[in-house]
Number of protein chains: 2
Amino acid sequence: MNAEEIRSRLKEKGLKVTPQRIAILEAFYNLNNHPTADNIIEYIRKNHPNISTATVYKVLDAFVSCGLVSRVKTERDVMRYDAITETHHHIYCSDSDCIEDYTDQELNQLLMEYFERKQIPDFTIEDLKLQIIGRFRRGKEALNTDR
Amino acid sequence: MNAEEIRSRLKEKGLKVTPQRIAILEAFYNLNNHPTADNIIEYIRKNHPNISTATVYKVLDAFVSCGLVSRVKTERDVMRYDAITETHHHIYCSDSDCIEDYTDQELNQLLMEYFERKQIPDFTIEDLKLQIIGRFRRGKEALNTDR
DNA sequence: AGTTAAAATGAGAATTATTCTCTTTTGAGA
DNA sequence: TCTCAAAAGAGAATAATTCTCATTTTAACT
């Protein structure tokens, strides 16, 4: 994902292109997984030492509003963000803060079919996200160093 | 759920029975849905005006540790708690902070069967929670005043 | 290229939820 | 009843996020 692609991503969403926004969106594509605001600040400060904290939060809000990224629900009091926009699910390690993505079209299909049969009265579903909570067995664990 | 039942709930979990803990657990059964620490504080202060904030947080942590309640993942920076311990899912209104419960044995079954077929390598599933995100249509909405 | 208005940024203060510290009190078993 | 570890209380401390407002920048329009 180069700078030009990032610019056009921003433009597509009707966002003004600023160096700060480019840096932050770039951070998403370079940081492994589900970063916190702080992860992003730390990352971008390497090359842009004077982007302010407030800006990062404001940009993140803007990105969330336009659907460029989404917030990840967690049990902790730090917000995490996700730049994957296609339907996917999350694996939450219960012995660390690691969150991994889980994408499987079959699961999506299964859920869609289920809710076609079982309507929730007066409710329109916009998204379905499965939280898969559990733990990785030792060995594999070392490979999952997402925070 | 009377005071005696609440006492024995606490004892079952090996927790010391204190008036504060009784009040807080009682609050869960009287407050509608997925309260925040603040909702609980507000509620219990009516009858126990001098329970401190720190105590409420400490008690909530204790309850979470012993599985009496669980934290609910949200996109906001307030923690919400849930006293339902059986497997269930959550309906998140995207236009309010309302979270409703969704319980259906068939869905649980469907998910279990799916993951029996599709194992996640080196991962042991402890819980599956579906986030059903969307919005209630007007009319019904007035009935869903969970914050 | 220059002008302009609206939007974005930066710096730091402010706020909010939560946690910590430390002293006092209390529950529950001996 | 006594004892002591655990729990509670008060308020300070912390951490993440939001706010304020003066300054700068973007992008559309000459």
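The analysis underlying the following values was restricted to heavy atoms, covering all of them including side chains, and did not include hydrogens, waters or symmetry mates. Below, chains carry the letters A, B, ... as their sequence lines are ordered, and counting in each starts from 1.
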TODO: Compare every heavy atom of Ile40(A) with every heavy atom of Ala27(A), then report the nearest pair and how far apart it is.
DONE: CB-CG2, 4.3 Å
- [ ] Map Asp77(B) and Ala54(B) onto DNA chain D by nearest heavy atom, then report which one ends up closer to the 5' terminus.
- [x] Ala54(B)
Task: Angle of first-five versus last-five pair axes in the helix from dA1(C)-dT30(D) to dA30(C)-dT1(D), to 10 degrees - done: 40°
Task: Separation of dA17(C) C1' from Arg71(B) CZ (nearest whole Å) - done: 13 Å
Open item on the list: Using 30° and 60° as the class boundaries, would you call the ring planes of Tyr114(B) and Tyr102(A) parallel, tilted or perpendicular?
Closed with: perpendicular
TODO: Decide yes or no, distance alone: a donor-acceptor N/O pair under 3.5 angstrom between the base of dG9(D) and the side-chain of Lys58(B).
DONE: yes
Task: First of Thr53(A) and Ala37(B) reached from the 5' end of DNA chain C, by closest nucleotide - done: Thr53(A)
Task: SB check Asp61(B) Arg71(B) (cutoff 4.0 Å) - done: yes
Open item on the list: Using whole Å, what does the distance between atom C1' of nucleotide dA15(D) and atom CD of Glu42(A) come to?
Closed with: 16 Å
Open item on the list: Classify Thr18(B) by what it touches in the nucleic acid, base, sugar-phosphate, or nothing, heavy-atom distance under 4.0 Å.
Closed with: sugar-phosphate
Task: d(CG, Leu15(B); C1', dA5(D)) in whole Å - done: 15 Å
Task: Below 4.0 Å: OP1/OP2 of dG10(C) and any side-chain N or O of Gln20(A) - done: yes
TODO: Go through the side-chain N and O atoms of Asn39(B) and His34(B) and say whether any donor and acceptor fall under 3.5 Å apart.
DONE: no
Task: Where Glu126(B) and Arg135(A) come nearest, the two heavy atoms and their spacing - done: OE2-NE, 2.6 Å
Open item on the list: Just to be sure I understand the rule, does Asn50(B) reach a base, reach only the sugar-phosphate, or reach nothing, if contact means heavy atoms closer than 4.0 Å?
Closed with: sugar-phosphate
- [ ] Rounded to the nearest angstrom, tell me the gap between atom CD in Glu12(A) and atom C1' in dA27(D).
- [x] 18 Å
Task: 5'-most by nearest nucleotide on DNA chain C - Val56(A) or Tyr57(B) - done: Val56(A)
Task: Residue Met79(A), side-chain heavy atoms: nucleotide from dT17(D), dA11(C), dG9(D) that is nearest - done: dT17(D)
- [ ] Counting heavy atoms from C-beta on, name the nucleotide in dT19(C), dA28(C), dT18(D) closest to the side chain of Asp61(A).
- [x] dT18(D)
TODO: Indicate whether the side chain of His89(A) and that of Asn108(A) have a donor and an acceptor atom separated by less than 3.5 Å.
DONE: yes
Task: Between dT18(D) (P) and Ile41(A) (CD1): distance, integer Å - done: 12 Å
Task: Flag for Glu86(B)-Thr103(B): side-chain donor and acceptor within less than 3.5 Å - done: no
TODO: Among dG9(D), dA16(D), dA8(C), find the nucleotide with the atom closest to the side chain of Ile51(B).
DONE: dG9(D)
Open item on the list: If I take atom CG in residue Leu25(A) and atom C1' in nucleotide dA8(C), what distance separates them, rounded to the nearest angstrom?
Closed with: 16 Å
Task: Lys73(A) to Tyr92(B) six-membered ring, cation-pi geometry met (6.0 Å, 45°) - done: yes
- [ ] Whole angstrom is fine here: how far is it from NE2 in His48(B) over to C1' in dG9(D)?
- [x] 15 Å
Task: Gap between atoms CZ and C1', on Arg76(A) and dA16(D) respectively (whole Å) - done: 13 Å
